[in-house]
Each structure stands twice: as C-alpha cells, then as structure tokens.
Amino acid sequence: MCGIFGYIGARDPLEICLSGLEQLEYRGYDSTGIAGVGNGEIKFCKKAGKLSNLLQAMNLRNLESAIGHTRWATHGPVNDQNAHPHLDAANSMAIIHNGIIENHHVLRMDLIASGVLFTSDTDTEVIVQLVAKFYAGDLAAALQKALSLVQGIYAIALIHKNHPGQIIAAAKECPLAIGVDPTTKESFISSDPNTFLSSNLDICFLHDGEIAIIQRGHVHVFNTKHEIIRKKTERLELQYTVPSKDGFAHFLLKEIYEQPNTVYKAILGRFQEQTGNVEFESLGFTDEQLSSYKKVCILACGGSAHAGSIGAAYLEELAHIPSQCEIASEARYRSLLLTPDTLVIAISQSGETADTIAALRIAKAAGCKILAICNVKHSTITREADAVIYLKAGAEISVCSTKALTSQIAVLALFALHMARLRGLPVEVAQTFFNNLKQIPDQINQVLLAAPKLQALAEKYAHYEDFFFIGRLYMYTTSLEGALKLKEISYVNANGCPAGELKHGPIALINANFPVVAFCANEQTKDKILSNLAEVKARGAPVLAFAPVGMDGVQAIADDIFWLPPTTDMLAPFTSTVAAQLLAYYIALKRHCNIDQPRNLAKSVTVE
Ligand code: G6P
C-alpha cells in the first residue's frame, strides 16, 4: 500500500519526483525511493523512514526520467532493502509497485529454483525478476507476460536502462493516473492525479490489465491483447497549494481549529430556509429515485465509519428509513443481501480506501446505485460512484482525521434531512433542525476557546496507559471516535464501549489506573450514563466527563468535567468529538508522539 510517481520531460525528473513523493506520503511513510535512467544505467537511492531520510541520502544526478515510491510495508520489515525501487539481478531495470501480489511465494520459489537471487522480502521483487526473465528487447511485452502469472492487485511503474525515454506502467484494481502535456512535452504518472504539479494536462486512468508506454509528451496504452487503444482523456481542475501549518505546531491542530469553518462550508448554501428543503449541487439522484429507496446501507472504514454510524442513526430518526452502517472491510466478505431498492452510500475522506472501494464494487454488481461522500476530488470512489457530495473541507494532511469527520457528519445530517423531507417531514421540523445545525460552527468555536482547560486535563491524564471511552446512542459512536483518536496519536490503549455494555465484561478491567472518559451529552440517556459512571467510580476508576453545561448529577460523580455548549442529542457528536480530538492531541503532545505521522499508519489505506 503505497504511492507511486513518475516524470519524464524537460524539467529535472528528480526534483519533480521528490515533490510528487512529498504529496504522496499520506499513502505510507515507512520508506521512500527514487530510480531513474542516467548515462545508460539505472541509478537509484532508497531509504527506510520518511522522505526526509531519503533527501539526506540523495546522491542522484542527471536523470532522463525518474520514478519514485513511498511505502507502507506489507511484505517484509521496514528497512532499506525492502524499500522500493527493486532492481533485477543485472541492475538493468527498476520497478515500483502499489498493491499486493498474492501468489508471490510460489513465483519466488520457482525463480529461486531457476537460479534467481532475491535481495528483498517483498512481493514486488518477484515482478521485476519475472520481467528480467522474459525481457528480449520489448519491455512492455515482458511486463505483460510477467503480469499474466501474477495474482493480486497492482499499480506499477518500470524503467529500463536500454529505454531511457520510457516509463512503462500497468494497473489492476489500484489507481494510476497518467498526465500528458503535449505542448511542453512532459508526462507524469501518479497514484493520485491531485499530486500532478501542472494544471495543463490531458489525464487518463489506467484500467485493469492495461499497460502504458509513457514518453515525453505522449502515451500509448495497450489492452491485454497487446493492441493499442485510444484512451479518453480529461482536463481536471487541479489547484495544488503547498500545505502549510499556518503557524500551528502540527497539521492536526490546524485541522482541528479549522472545523468551525469546514462545518460551515459543508452546510453553506445547501439548505433553503424558506422551504425547509435541502439542495445539494448536482446530486445526481432525482427526488423520485430517492423516495423509492426502501433501505440505506453505508459503507466506510475508520473514522468515516463512525460518521457513517451517526449518519445511519440520522436517517432512521429523521427519515424513518431503515439504515445501517457497515465497516467496508467486513461488508465485502459478508452476504449483505443488497438489492437495487437499497441506496448505498460510500463515505471516505480520501476516496482511495481499498476496502471501501471493494465493498462499493460489490454493491454496484448487486445493482445498487452509489452515492459517495468524499473530500478528495478525482479520487477512485468519486469516479466510480453514481453521484458525489463533496465535503469541501480542504486538504487534510494529518494522518489522523479530524475535520473530515465533522464535515461528513454535517453532510449526512443534511442528506438525512433531505430524505426526511421527501418522506413528509414537516417544514417547521426541518427548519428547527437546521437552525440547531447552523449553530454548530459557533459551538465548536466555544470548545476551541476552552482548549487550555483540555490541555490541563490532558496533562493530568497523559500518564495512564489504558482508557475506556463510553457513551450511549450518539455518544457511543462519539466514544468510539474519541478512543480511536487517542490510540492513533498517543499509542495508549483506548477502547470505545457502549456504556451499557461495561457491566457485561469490560468492567472487570476497571481499577484506579484505568480512567473512564464519559460522553454524557445525550439527554435521552442522561440518567443511564450517570448510573454507569457511578458503577465505574465505585470500582476506583478516575472519571473524566464531557457534559453539556447545566447537566445535573455529573459533578457528584466525575473527578473532572469538561463543559460543552448544550445542543440536541442528534447534534451533540460535533462538539463532543472536537473536545475528544483536543484531549487526544494534548495527551500525544505530552507523550512526545509523532502527531502528524503516527507510527504504522497511513492516511489512505490502499490495500485490504
Ligand atoms: C485510515 C486513516 C483514518 C481514516 C481511515 C478511512 O485508517 O488513518 O484516519 O479514518 O483510513 O479513510 P477514508 O479516507 O476512507 O476516510
């Protein structure tokens, strides 16, 4: 699971590839590497660790073309040997790969039996060794033959010292965009077209089994029969701006602080106050279509699945339509019994999460229409869905997602309202809901203004190694998200748990070193959560409560309370989540963790 980039043209390929890799680090940062052809030989440099390590070791010069890779390790530990690119034994070609080769072991054994020496533990090296075996002057044909033996998924770029003016690319179930500028005679490839540093490109995406020969300013694409095919190209609106922390210590903190604005942008112009109707720009589903659905199935992973669970609850509570949120990595292997009368919603910040894409394809094959809720334009999910609602949250750089989640919840709230209006929700009820939603940006701001209080709480709780995060209904999902944020960036054991389930097992773990963070904002279950808090308090747990101003009873039980602006039960996830994000941030800060790029994680998980 990785990012791949390549450039061939008049500018310095090394410089362009390094800039591309900087933007692709969200796909993994276990190692990085670059290879190019220069003076008739393959030159390469690769290093374990982040791009900064590669930059320190960089010794390449005068390349005619270059390919670059940023890795999230799947096969083989994180070290220099397993970093991409991988070369054949004669050092005549170099390959980079995103994906997984499932039958790599069998192929490796065959190659070893025929005398090939491997230098890495990766599945990728098998491909380059196979290409070397089949190469007889036609690099694309050799790659095609090698890929015919391979089972798995891939996006690949390959260069050869005898073909200095070419990059060969191939893809199967992994994104690979090719951008060509015939005027400047430049060509790019990337796992993500948003990383192209030029806005003047004709762009196409490689489909399964296609192989491309990329040269300066033009590209030839072949199908599996090695016949040349004409690809449809498009001009994409790409507006790259260099990410900036804008004075914040970390991207994560900056993105937390952006939320009053990003939530505002997610709802801006999408609700007609007079009529009580929701209007998404070019939604792509007619009112008749939406009215005809009997069920909604939401597919997502990670934080997006938490937003999805809240969205499913909104759809049930507002629109009275049976709705479920399924974790995509599970859903893809289950019998979901999807039928075309179910609307499928795929939620993903990046639009590139492999499991969400796979589940979406299964839903499509079952005849369902797909609505995507995404942040990143031109991503795979936005291209494969029937319609898209964009979050408009701006680039999210920190691996740990914050602003995307609150924007997802805002969009889901509006979508549920839309479905509800189509099913007869009275205008006044819609208006009241929206009026409460409109206040959320300001209420998030109030939480941000109280950040010093959260920092003080974080300092008090930062030394604990285990936490329960508990809540009921909307606050249960919020507790899952709060726990996920804490474990992602602080590496402490934090578990989200429905408050009512504690007594069925988890409570056995409670002692004075096991704090319980309780989200108390749901009015409907206020008394129940207070009973649960009393139960853990009685067993010695330190209790930190996030409670709405004015909540009675909590002071008598909790050791510490962070007061939140009161809102409705349905909208309480916004402010509670932001408070949990800040708590996690300050605990991670106190524990000296790598906040923007936590160990072992990647922003976009492009393998299953
Ligand atoms: C990764 C990220 C998470 C994110 C999840 C889903 O695990 O580290 O922060 O929630 O992927 O990503 P998506 O882009 O599909 O929302």
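Every heavy atom of this structure was used, including side-chain atoms; hydrogens, water molecules and symmetry mates were not. Just follow the structure's listing: the first ligand is 1, and inside any ligand the first atom is 1. We number each residue from 1, following the sequence as shown.
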Q: Checking contacts here: is it the side chain or the backbone of S604 that comes within 4.0 Å of ligand 1, counting heavy atoms only? Could be both or neither.
A: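 Near ligand 1, S604 shows nothing, with every heavy atom at 4.0 Å or more.
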Q: Looking only at heavy atoms of A602, does any of them come nearer than 4.0 Å to an atom of ligand 1?
A: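 Heavy atoms of A602 do come under 4.0 Å of ligand 1.
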Q: How long is the gap from CD on Q408 to SG on C374, to the nearest 0.5 Å?
A: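 It comes to 8.5 Å.
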Q: Could you give the distance from OG1 (T262) to CG (L391), rounded to the nearest 0.5 Å?
A: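 That separation rounds to 9.0 Å.
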Q: Do T195 and F188 make a side-chain contact, defined as non-hydrogen atoms from C-beta onward lying under 4.5 Å apart?
A: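 No, side chains not in contact.
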Q: Under 3.5 Å, N or O to N or O, is S350 touching ligand 1 that way?
A: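 Yes.
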Q: Under the criterion side-chain hydrogen bond (donor to acceptor under 3.5 Å, both in side chains), which of T406, T577, T575 is the partner of Q259?
A: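 Per the side-chain hydrogen bond (donor to acceptor under 3.5 Å, both in side chains) rule, the option paired with Q259 is T406, out of T406, T577, T575.
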Q: Show the atoms of ligand 1 that are less than 4.0 angstrom away from any heavy atom in S401.
A: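 Heavy-atom distances to S401 below 4.0 Å select 9 (O).
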Q: Check the pair N53 / T32 against side chain to side chain contact (heavy atoms under 4.5 Å, CB included), numbers first and verdict last.
A: CA-CA 8 Å; N53 291 7; T32 48; 5.9 Å; no
Q: Just checking Y461 against Y586, ring centres under 6.0 Å apart?
A: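 Aromatic pair excluded; centres sit 6.0 Å or further apart.
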Q: Which residue and non-hydrogen atom of the protein lie closest to atom 3 (C) of ligand 1, and at what distance in Å?
A: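 Checked against all protein heavy atoms, atom 3 (C) of ligand 1 sits closest to E488 OE2, 4.2 Å.
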Q: Would G303 count as a polar contact of ligand 1, with the cut-off being nitrogen or oxygen pairs under 3.5 Å?
A: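 Yes: some nitrogen or oxygen of G303 is under 3.5 Å from one in ligand 1.
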Q: Which atoms from ligand 1 have a heavy atom of K603 less than 4.0 Å away?
A: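 Selected atoms, number and element: 1 (C), 2 (C), 11 (O).
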Q: Which protein non-hydrogen atom lies closest to atom 16 (O) of ligand 1, naming both residue and atom, and how far is it?
A: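 The closest heavy atom on the protein side is S304 OG, 2.6 Å.
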Q: Does Y491 have R591 sitting over its ring (NZ/CZ under 6.0 Å from centre, angle to axis within 45°)?
A: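 No; the conditions do not both hold, so R591 does not lie above the ring face of Y491.
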Q: Any N or O of Q408 that comes nearer than 3.5 Å to an N or O of ligand 1?
A: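 No, Q408 has no N/O under 3.5 Å of an N/O on ligand 1.
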Q: Among all protein heavy atoms, pick out the one at the shortest distance from atom 6 (C) of ligand 1; state its residue, atom name and that distance to 0.1 Å.
A: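 Among all protein heavy atoms, the one nearest atom 6 (C) of ligand 1 is C301 O, 3.4 Å.
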Q: Find the distance between CG (N522) and OH (Y476) and round it off to the nearest 0.5 Å.
A: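 The OH atom of Y476 is 13.5 Å from CG of N522, to the nearest 0.5 Å.
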Q: What are the atoms of ligand 1, with element, lying closer than 4.0 Å to any heavy atom of V605?
A: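 What qualifies from ligand 1 is 1 (C), 7 (O).
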Q: For ligand 1, which atoms, with element, lie under 4.0 Å from some heavy atom of V399?
A: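 Listed by number with element: 8 (O), 9 (O).
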Q: Of all the atoms in ligand 1, which lie at a distance below 4.0 Å from a heavy atom belonging to S348?
A: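 Near S348, meaning under 4.0 Å from one of its heavy atoms, ligand 1 has 13 (P), 14 (O), 15 (O), 16 (O).
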Q: At what distance is the nearest protein heavy atom to atom 12 (O) of ligand 1, and which residue and atom is it?
A: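 Looking at atom 12 (O) of ligand 1, the protein heavy atom closest to it is T353 OG1, 3.3 Å.
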Q: Rounded at 0.5 Å granularity, tell me how far CD1 in I440 sits from CZ in F574.
A: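 Reported value, rounded in 0.5 Å steps: 6.0 Å.
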